Amino acid sequence: MCRSIKTLRPPVLPEKATEEEIRAAALQYVRKVSGFRAPAAHNQEVFAAAVDAVADATRDLLDGLQVRGAHATS
């Protein structure tokens, strides 16, 4: 969907995705879906909430994935 969103799971990333990487991907997703690079003032709150929700969902997804052949890093 959005070429600037990179894969954040092993083995593509050798280490766990950082919070910065997760938020950057969430921001790109919300920008793409909304069609706004930067929302107008009256949309800023809902835009920021969407970025937070997508980042949370991304974090949950990455934490729950079991990738075959990837070594556990705990």
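Computed from a predicted model, the values in this text were never measured in an experiment.
- Residue I22 comes nearest to A55 through the heavy atom pair CG2-O, 3.6 Å, listed as atom of the first residue, atom of the second, then distance.
- Of all heavy-atom pairs between Y29 and I5, the closest is N-CD1, 3.7 Å.
- Atom CG of L61 sits about 12.5 Å away from atom CG of D56, to the nearest 0.5 Å.
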> Could you go step by step and tell me if V54 and R23 meet the side chain to side chain contact (heavy atoms under 4.5 Å, CB included) rule?
Replying inline: CA-CA 8 Å; V54 171; R23 289 203 63 82; over 6 Å; no
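- Pairing each heavy atom of P39 with each of N43, the nearest pair is CB-CB, 3.9 Å.
- Distance CZ/R37 to CG/L27: 8.0 Å, rounded to 0.5 Å.
- Separation of atoms CD (Q66) and CZ (R9) is listed at 13.0 Å; rounding is to 0.5 Å.
- No side-chain heavy atom of L8 sits under 4.5 Å from any side-chain heavy atom of K16.
- No single ILVMFWY cluster, assembled from side-chain heavy atoms under 4.5 Å apart, contains both V46 and F36.
- Remark: E19 CD is packed, more than 12 non-hydrogen atoms of other residues, nucleotides or ligands lying under 6.0 Å away.
- One finds the CD atom of Q28 at 12.0 Å from the NZ atom of K6 (value rounded to the nearest 0.5 Å).
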